[in-house]
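Presented below is the structure to which this report refers.
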Amino acid sequence: MAGSILSLLLVVILPAVHPLPRRVPIAVLFYPEDQPLQHLALRYALQYIYADPELLPGTELYEVELNMSQADSFSTGKRVCGAVSEGVAAVFGPRAPATMGIVQSICETLEVPNLQIYPEVPEDRGKCLINLHPEQESVAQAIADVVRFLRWSSFTVLYETDEGLIRLQEVLKRHGPGDPQIAVRQFLPGTDQRQLLKEVNASSEFRILLDCSVERVLPLLRQAREVRMMSDYHSYFITSLDTHTLDLSEFQASHTNITLLRLVDPENITVQRVVRFWTEKEQYYNRSLGVTAQTVRTETALMHDAVFLFARALHRLYFEPNGSFQVQSLGCDVGNKWAHGFRLASYMKINEVDGMTGKIRFDTFGRRSHFELGVVEYFAGKFQKVGSWELGRGVARTQSASIDAMDRLQNKTFLVSSRIGEPFLMHNKEPGEHKDNDRYVGYSMDLMKEIAKVEPNFQFEFRLVPNNKHGELVDDLIARRTDLAICDLTITHEREQVIDFTMPFMNLGISILFSKPVKEETPLFAFLKPFSIDVWIYVATAYLGVSILLFVLARTTPGEWDNPHPCKPDPEELENKFNLMNCLWFSIGSLMGQGCDILPKAVSTRMVAGMWWFFTLIMCASYTANLAAFLTLNRLEGSISSAEDLAKQHKVKYGTMAGGSTASFFKNSNDSTYKRMYTTMSQSRPSVFVNSNEEGVERVQKGKGLYAFFMESTSIEYQVERKCDLQQVGGLLDSKGYGIGMPVNSPYRTMVSGAVLKLQEKGVLQELKSRWWKVQQGGVSCSEEDAKAPTEDSNKLGLANVGGVFVVLIAGTCAAFLMAVLELLWNCRKIAVQEKISPCEALLSELKFAMNCSNANKPVRRKLEQEDDDDDENAMPVGVSAGSFVRLGFGKLTQAE
Ligand code: GLU
């Protein structure tokens, strides 16, 4: 109420004090490219002001439209001069940089305020120029700050015009000339930019800083989509302040990250009020406006703000004490100045107004010293403000700015690339037809299913790489053909440069897969092993040699010839006990450590005996010492127990999987041993590298101790559990982990990593590992087999070790028995001849006597008749056979006469 009374007073009283002309003309320069909305905005701004009873009561602003057909400074100058000669309170425009200079110069000379709403203005600003458009330098600053806010370290700048480079100057300055992380490319002539985009795509760049007019944004994004540059891994930052007015819904499905800056905030209350006013006006004329608060372009809003700013300055002048205002006719040729122009310009500079482009404040040079740019992301079909930029403050993140991976997951099916390799992924062998993910089973598949349980919107589809190589998985991620890669993919520094990894889901290290030493069968005659065959031959030769020597010496030395009948002091014959048989018996008795019932007496024979005893002492001791070792020979461990052992020798070949992280470990290692091992491996012919772990395992099995395979401990664990002829040798050479790979800067990294962490905390990862590593029921588990196997006491010798000795004993006793039979038969034959009976009768009587154990004494058979020429010089009693003749000593030798 009080307000309307005051307005009434102002309308009625004040014009009498400070009369304003009823109509105040303003000149506005238009070019053909100015949109109809621009004209409309101007006209509605004028009406908006007229409708405000407090702003310029009783005064109407009206436009003098100077429609220019081309940006020609001469004709523009002429038109402006024509307008000022009629009298105008301000000149708005022009848009074309080529004509700005002449207009500004005329306005400066005549002191007519010149309001600009376009970014490019002349360097020399003067006193009357006021530009509502943010300065190029400030926008450049904002762009650079947003790039930092987005944490872009590498990107490609695509710009349309040279003027665009001025906007990008801060970004380029911050990164320095020749920064390898940044590529700067200008648009190709014409509208087709696909070639340029293809080249950018080929460089694997996925962050694009795009500077072009708003009209070119949509065609360019469409072309980018054609060349597959609109995926969820691509990010665009578009510098045009009007991009938010475009309909980007056609790119919604691609999940591309599009960031932009805007000066006009559709949420701004002034914007909404002004647009509502326009709409009502259009409705009044039965027309539709075709613009909403969301689609008001910067220049349109600035046009409104420029008129509003001018009206506020006029308002101030209006209420100035002792002020007066008149529009004056000015002549470009005369050069007379307008009395109120400078003051009006000054009021515009010091006035602070809230317009459609936010708070409007100027510095003394007529530049906007305060404005706010909204940092906006296009997501899920709408623009969301994620931050705001202010001059001198940089970008501040907005509270609600949380477009996370969860939101992006809606309707997305992740392409997961993988490879076949036990137990991570295998073909499903269960009967029946399998489709999609059901075609595969394994640890990787189960892990993905578990992640999908943690993140309910997570859908995935497995896809195999053509050549089953780890490198292909990495290539797919680099080219962003897939979203995730899962298998035994080791996290390495080299891979981290080109792809991202989640938290490791399994820890491991490199170790050696080798065959278990084959348990050798103990040979039957293992007791012969302590001496080589040569030594046995030498011992046998020495035995014979010594026996013969003893025999010869005994015959030659008089000391060995004894009286056979010591009671007869004067014997006719002497006897020598060391006949050949006795010498052999003596030597063998000594060799076996048993001694003998005859011993040498002469010095020479005693010396031979002494030396022989010394020899047998040493030989027996050496034999005994070596015997235990040889009998347990089969229990000796393999000679390879570490990588160093492998490096030291040449017999056992060793290799790795080609192109894998294990080969890279040896290749890039700083350790001299590993480096040397890599050189050895790469020089080996035939090659020791294999194409897959499976091939490596097969080669170790076939190699039977002649090939060792460097493999990751998890895979070794899996193999040795199933293949009982294999074992892990030595510890781990390094420590690392398997991770799920994804393209660099994937928006899903945090989400997938978080899911892996949760699974680890819940013990699901451990459960999955046991499920796939432990042998399923019904299979053969080597660790269980080993546990079941009876443990052998390594100190005890089994029958296998000493069996040979029994064999010798049995063979010896059999030979003795055979000998006894032969002796018996021979004796029977003799008896049969002597007693003239049949050999069978002789044998029978001999056997009868032998079997009758009560007969302790055997009667001597005496020779009844001496008619037989007995070739035996010993008179043999009848009935006494040679065999049953009891001899004392070892035969009687007659000394030669
Ligand atoms: N896990 C390895 C990789 O990611 C492959 C196997 C290996 O090199 O031992 O490359």
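Start at 1 and go down the list; that is how both ligands and their atoms are numbered. Only heavy atoms go into these numbers, but all of them, side chains included; no hydrogens, no water, no symmetry mates.
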- Task: Would you mind checking which non-hydrogen protein atom is closest to atom 6 (C) of ligand 1, with the distance to 0.1 Å?
- Result: Glu712 OE1, 3.6 Å
- Task: Show your working on side-chain contact (heavy atoms from CB on, under 4.5 Å) between Lys653 and Leu706 and close with a plain yes or no.
- Result: CA-CA 6 Å; Lys653 299 270 177 243; Leu706 292 177; over 6 Å; no
- Query: Does Arg722 make a cation-pi contact with Tyr718 (under 6.0 Å, within 45 degrees of the axis)?
  - Reply: yes
- Item | Per-atom contacts, ligand 1 versus Leu489 - under 4.0 Å to a heavy atom | 4 (O)
- Considering the heavy atoms of Gly660, write down every atom of ligand 1 situated less than 4.0 Å from one of them. 8 (O), 10 (O)
- Answer yes when Arg222 and Glu226 have at least one side-chain N-carboxylate O distance shorter than 4.0 Å, and no when they do not. no
- Residue and atom name of the nearest protein heavy atom (relative to atom 1 (N) of ligand 1), distance in Å to one decimal: Asp488 O, 2.6 Å
- Report yes if some N/O of Asn693 lies less than 3.5 Å from some N/O of ligand 1; otherwise report no. no
- Which of the ligand 1 atoms, numbered from 1, are nearer than 4.0 Å to a heavy atom of Thr662: 7 (C), 8 (O), 9 (O)
- Query: Which option, Met657, Arg495, Met711, owns the non-hydrogen atom nearest atom 10 (O) of ligand 1?
  - Reply: Arg495
- Query: How long is the gap from NE2 on His470 to CD on Glu472, to the nearest 0.5 Å?
  - Reply: 11.0 Å
- Message: Quick test of your reading of the model: are Asp725 and Lys516 salt-bridged, counting only N-O distances below 4.0 Å?
- Response: no
- Message: Given the ring of Phe379, does Lys382 sit roughly above its face, with NZ or CZ under 6.0 Å from the centre of the six-membered ring and within 45° of the axis?
- Response: no
